[in-house]
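First comes the structure, then the notes that go with it.
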Amino acid sequence: MEQRLKELTGQPGVWLFVKSSNGWFKNVEILDVNPDTITFRYESESESERKLWEKTTRIDNIAEVEIRLLVVPKLNKTLDHIR
C-alpha cells in the first residue's frame, strides 16, 4: 500500500477510505507518504464556507483507494468509444 500511495502523490481524483473515520475522503491531494503514515489535504464545504483540511493518519488506517479516471459530460457519447 505504501508504494501505491507514493505513486499517487500529487495526482488528481484520488479517494481514500479511512477506517477511523468510517468514510471516504474525496479528491484528496496526497502530500507525503512515510513507511507508517500518509499526509493528505481535502476540502469540505457548508452553506456558508469552504474549509481546507490537512490530515495525517497511519497507512494501515487506509482500507481502500479509488482513482477517478475520467469525467465526461452525460450528453457526450464519446465514453463508449473510450471503452
CH2 (W15) with more than 12 external heavy atoms under 6.0 Å: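 Not buried by this count: 12 neighbours or fewer within 6.0 Å.
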K26 atom NZ, over 12 foreign heavy atoms within 6.0 Å: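 Not more than 12 within 6.0 Å, no.
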Worked verdict on E54 versus T39 for side-chain contact (heavy atoms from CB on, under 4.5 Å): CA-CA 7 Å; E54 189 169 298; T39 301; 3.9 Å; yes
Test item: I59 and V33 side chains (from C-beta on) under 4.5 Å apart, heavy atoms: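 Answer yes - side chains close enough.
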Heavy-atom side-chain proximity of F17 to N22 below 4.5 angstrom: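 Yes, their side chains come closer than 4.5 Å.
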R50/E43 ion pair, N-O < 4.0 Å: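 A salt bridge links R50 with E43.
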Shared hydrophobic cluster for I38 and Y42 (ILVMFWY, side-chain gaps under 4.5 Å):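 Yes, one cluster joins them.
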Pair listing, salt bridge (charged side-chain N to carboxylate O under 4.0 Å, His left out) test, anchored in residues 7-20, at least two apart: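 For residues 7-20: R4-E7.
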Pairs touching residues 57-66 that satisfy salt bridge (charged side-chain N to carboxylate O under 4.0 Å, His left out), sequence neighbours left out: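 As it turns out, the salt bridge (charged side-chain N to carboxylate O under 4.0 Å, His left out) pairs with a partner in residues 57-66, which skip direct neighbours, are R58-D60.
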T9/L31 under side-chain contact (heavy atoms from CB on, under 4.5 Å): CA gap, chis, key distance, verdict: CA-CA 6 Å; T9 300; L31 303 173; over 6 Å; no
S21 (side chain) donor-acceptor with V18 (main chain) under 3.5 angstrom: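 Such a contact is absent between S21 side chain and V18 backbone.
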CD on Q11 to CD1 on I30, rounded to 0.5 Å: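 The distance works out to 9.0 Å.
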From L16 atom CG to N27 atom CG, the distance as rounded to the nearest 0.5 Å: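 L16 CG to N27 CG: 10.5 Å, rounded to 0.5 Å.
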